[in-house]
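Just below is one structure, and these are the notes that go with it.
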Amino acid sequence: MSERSELLKATDEVIDDAVKYADPMVLRGLLYQLTGDESIAATRVATMTIRNTDITAVTNPADVALIQAKAAAFLKSYRDQGAGDISYGPPERLRRSMNLTLGIDIPDSEFELWLEQLALDPWARGLNWQEPPPAHELQKFVVAVIGAGMGGLNAAVQMKHAGIPYFVIEKNDEVGGTWYENRYPGARVDSPSRTYTHIYGVDFEYPNAYCPQRENLKYFKWVADHFDIRKDITFNTEVKSLIWDEDAKLWEIRAEGPDGPRVWRANAVITSVGFLARPNMPNIEGMETFAGQAFHTARWPRDLELKGKRVAVIGTGATGYQLIPELAKLVGHTYVFQRTPNWCFDTKGYLEPFPPQVNWLDRNFPYVRNFIRLRVSWLTGPDSVMKTMRIDPEFKDEHARSERNKRVREQQIEFIKRKLASRPDLIEKMIPVAPPYSARPIIVDANYCIYDALLRDDVTLVTEPIRRITPRGIEVEGGGEIPLDIIVYATGFKANDFLWPMEVRGRGGKRIEELWAKDGARAYLGTMLPGFPNFFMIYGPNTNNFGGLQIVDFEEMVTRFALECLAGVITQNKRVIDVTLDAYWRYNDEVDRAEALMIYKDPRAHNYYKNDSGRSAANCPIDVRKIWTWLRNPAGRMNGRQPGDPEAIASPTVRPYLGEDLVVE
């Protein structure tokens, strides 16, 4: 940290005003950590229920006033002392400070997980050598990273930090992955931005609670620039094949770039290509005959002229529902072609920037962003998420799968009815048949969203099936043609075609499709494949979090696991690490057992959460505390100390350690 010139100039009135915009729970833990003031620890909390989620909060006005006054006094004193570098306080105080922030006592088995989330150590999920190998040994082991989005950039940053040679291959001309490709109007993150950064990015300033595309891309550009990663990235180059050479114990990587074919060889490969990356186009008669412009949302043309245009949006998943309200402001008329409505969850301030006082506190109150991150992470943690996402097998209802699910459904129907009160003909068309959370929940702004857009005179909802596309527009069943200038396909991605269209061959020339022939893509802990040595996937099969926290957390955990595995290979003077086929299936049996009671298994739900075999290749139904434990220490480099979920540690079926499920050669 450095001197805060902005705080030095701040008046008492500015400080008094700013602290009113902070969550008292965050200030409660932070102030105690910085000061040890027992009067702050003595403030009381109560449990509130918001959308059927129990949340602890400081509710007594006197306690809120005390916390705010103490926060203002601290900032004024800090200002008057020069606002220079400051420690976060005694490490032994952290446990209680974190408990005060969350309003609960963190179990011993989870403390290190939440300490990582606090992000005081930027390398808490990195590879930290106890005794680094000789430099000449490290230089012999080179890792290829495929993709420069969220996962690939983190893998590069972590390997650079660990001193492991690496290179990155990226098909686009810029970093950012999905946030570079998806620039349609309304593109916005649906996870809290406070937790949509890597641990080392905790101090990156976000202007919104849920940031739009440009801000997310700005963050990933910052990662590449701040850690000087760009010089290690080959842009505009698409990997075509990854072939394992058993004799050489190397991966051969073939790609196509601006100057033609390229070939690399690497000891290990980390793929970070995501699974929401390859557009899924529908198969509609006559698509190729349309005379106007037609494109997928992930291929939105730059400088597209929209004024006065008649535009069709085909598809009403998360992308469509984000796009339509913003598109309607820009075009002449919007036609919304909807086959299946989706559940929308109204979120206050989803589209709004933070009040300036919030970002002022971010910049001037030491460690406030760390404690906000902890608090937001806890609110999206397993104790709240898993209750929402699971079926109660004893609960009987025509429309819902648990008592909690029923309450959520009733609340969101009321939201629909309130929004569409002036158009009762639309209400039934916008209520999904499947229960809430059986498809991707769509976060929308409470004040302006898809329902408001449908009330506009220049927006038409079309629920009749599409018959065909003509040169002039779209014909629907029952007759009639809608004339159009532009067709936008908001039809999602090939989410179940992991690693497609790359050719991936492991030992004996075995194709990845052979391993996945039974019922679709799977992996060991979402990252390893038997018979594909020194190969790791970031955001691989069954890593879409349904067990708590965010995808960036899962990706960081997987990356640490991959690097710990490779560290085990390097320090033991070995060349290869692989997972056994038996371990692969034992872990996936755990996935299948956990998935049996997930709401997305409801038979009325039809979306990318389930593949053609009726199981999810995308979602992870396992409690993230177990996942964190299993991914924590594969090479046993923690000197026998294994923190984490007791059930995961004692598991006889999942043993992610060298010499057990993992084999080095």
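Computed from a predicted structure; not experimentally measured. Throughout, residue positions are numbered sequentially from 1 according to the sequence presented.
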Do [X] and [Y] have side-chain atoms, one donor and one acceptor, less than 3.5 Å apart?
X      : Y      : value
Gln550 : Ser191 : yes
Asn128 : His161 : yes
Arg615 : Asn542 : yes
Glu256 : Thr237 : no
Arg373 : Thr197 : yes
Asp173 : Asn236 : no
Ser377 : Gln117 : yes
Tyr184 : His296 : no
Asp232 : Tyr166 : yes
Trp628 : Glu116 : yes
Asn544 : Tyr539 : yes

Output yes when a side-chain donor or acceptor of [X] lies under 3.5 Å from a complementary backbone atom of [Y], and no otherwise.
X      : Y      : value
His198 : Met150 : yes
Glu555 : Gly151 : yes
Arg369 : Asp203 : yes
Asn607 : Ser438 : yes
Lys160 : Ile229 : no
Asn619 : Phe546 : no
Thr388 : Met386 : no
Trp251 : Arg265 : no
Ser193 : Val189 : no
Glu137 : Pro134 : no

For the [atom1] atom of [X] and the [atom2] atom of [Y], what is their distance to the nearest 0.5 Å?
X      : Y      : atom1 : atom2 : result
Leu127 : Arg560 : CG    : CZ    : 10.5 Å
Ile106 : Leu113 : CD1   : CG    : 9.0 Å
Leu581 : Asp661 : CG    : CG    : 11.5 Å
Arg183 : Trp300 : CZ    : CH2   : 11.0 Å
Ile538 : Thr559 : CD1   : OG1   : 3.5 Å

task = Check the pair Ile270 / Ile146 against side chain to side chain contact (heavy atoms under 4.5 Å, CB included), numbers first and verdict last.
result = CA-CA 6 Å; Ile270 297 177; Ile146 316 301; over 6 Å; no

Minimum-distance pair of heavy atoms, taken over all atoms of [X] and [Y]:
X      : Y      : answer
Tyr196 : Tyr206 : O-OH, 3.6 Å
Gly381 : Trp114 : CA-CH2, 4.3 Å
Gly126 : Gln158 : CA-OE1, 3.1 Å

Salt bridge (charged side-chain N to carboxylate O under 4.0 Å, His left out) evaluation trace for Arg254 with Glu503 = CA-CA 10 Å; Arg254 293 185 175 271; Glu503 177 187 6; over 6 Å; no

query = Can you name the salt bridge (charged side-chain N to carboxylate O under 4.0 Å, His left out) partners of Asp383, sequence neighbours left out?
reply = Arg625

task = Return the set of residues passing salt bridge (charged side-chain N to carboxylate O under 4.0 Å, His left out) with Lys249 (not counting sequence neighbours), or none when no residue passes.
result = Glu246

ask   = Taking it one step at a time, do Val202 and Leu118 satisfy side chain to side chain contact (heavy atoms under 4.5 Å, CB included)?
value = CA-CA 9 Å; Val202 64; Leu118 185 59; over 6 Å; no

query = Passes salt bridge (charged side-chain N to carboxylate O under 4.0 Å, His left out), Arg299 versus Glu181? Steps please.
reply = CA-CA 7 Å; Arg299 300 294 182 264; Glu181 294 182 352; 3.6 Å; yes

query = For the residue pair Trp222 and Phe227, does the interplanar ring angle fall in the parallel (under 30°), tilted (30 to 60°) or perpendicular (over 60°) class?
reply = perpendicular

query = Do the rings of Tyr609 and Tyr600 sit parallel, tilted or perpendicular, given the 30° and 60° boundaries?
reply = perpendicular

So does [X] have more than 12 non-hydrogen atoms from other groups sitting under 6.0 Å from [atom1]?
X      : atom1 : answer
Arg95  : CZ    : yes
Lys510 : NZ    : yes
Glu647 : CD    : no
Asp612 : CG    : no
Arg214 : CZ    : no

Test side chain to side chain contact (heavy atoms under 4.5 Å, CB included) applied to Trp264 and Thr234, step by step = CA-CA 11 Å; Trp264 289 266; Thr234 299; 4.0 Å; yes

With a cut-off of 3.5 Å and sequence neighbours excluded, list every side-chain donor-acceptor pair involving residues 527-536.
from, atom 1, to, atom 2, distance (Å)
Thr527, OG1, Met537, N, 3.2
Thr527, OG1, Met537, O, 3.0
Asn534, OD1, Ile577, N, 2.8
Asn534, ND2, Asn267, O, 2.9
Asn534, ND2, Arg575, O, 2.9

One thing to verify: whether [Y] and [X] come together as a salt bridge, which I'm taking to mean a side-chain N less than 4.0 angstrom from a carboxylate O.
X      : Y      : value
Asp259 : Arg262 : no
Asp245 : Arg507 : no
Arg278 : Asp497 : no

query = Can Lys171 and Glu238 be said to form a salt bridge (charged side-chain N to carboxylate O under 4.0 Å, His left out), step by step?
reply = CA-CA 4 Å; Lys171 65 181 172 64; Glu238 184 168 358; over 6 Å; no

inquiry  = Are Tyr584 and Tyr524 an aromatic pair, judged by ring center distance below 6.0 Å?
reply    = no

task = Using the salt bridge (charged side-chain N to carboxylate O under 4.0 Å, His left out) rule, take Arg593 and Glu595 through it: C-alpha gap first, then chi angles, then the decisive distance, then the call.
result = CA-CA 5 Å; Arg593 279 192 289 272; Glu595 183 175 274; over 6 Å; no

request  = In sequence, state the C-alpha distance, the side-chain angles, and the governing distance for Asp190 and Arg440, and then conclude on side chain to side chain contact (heavy atoms under 4.5 Å, CB included).
outcome  = CA-CA 10 Å; Asp190 56 6; Arg440 181 171 180 162; 2.8 Å; yes

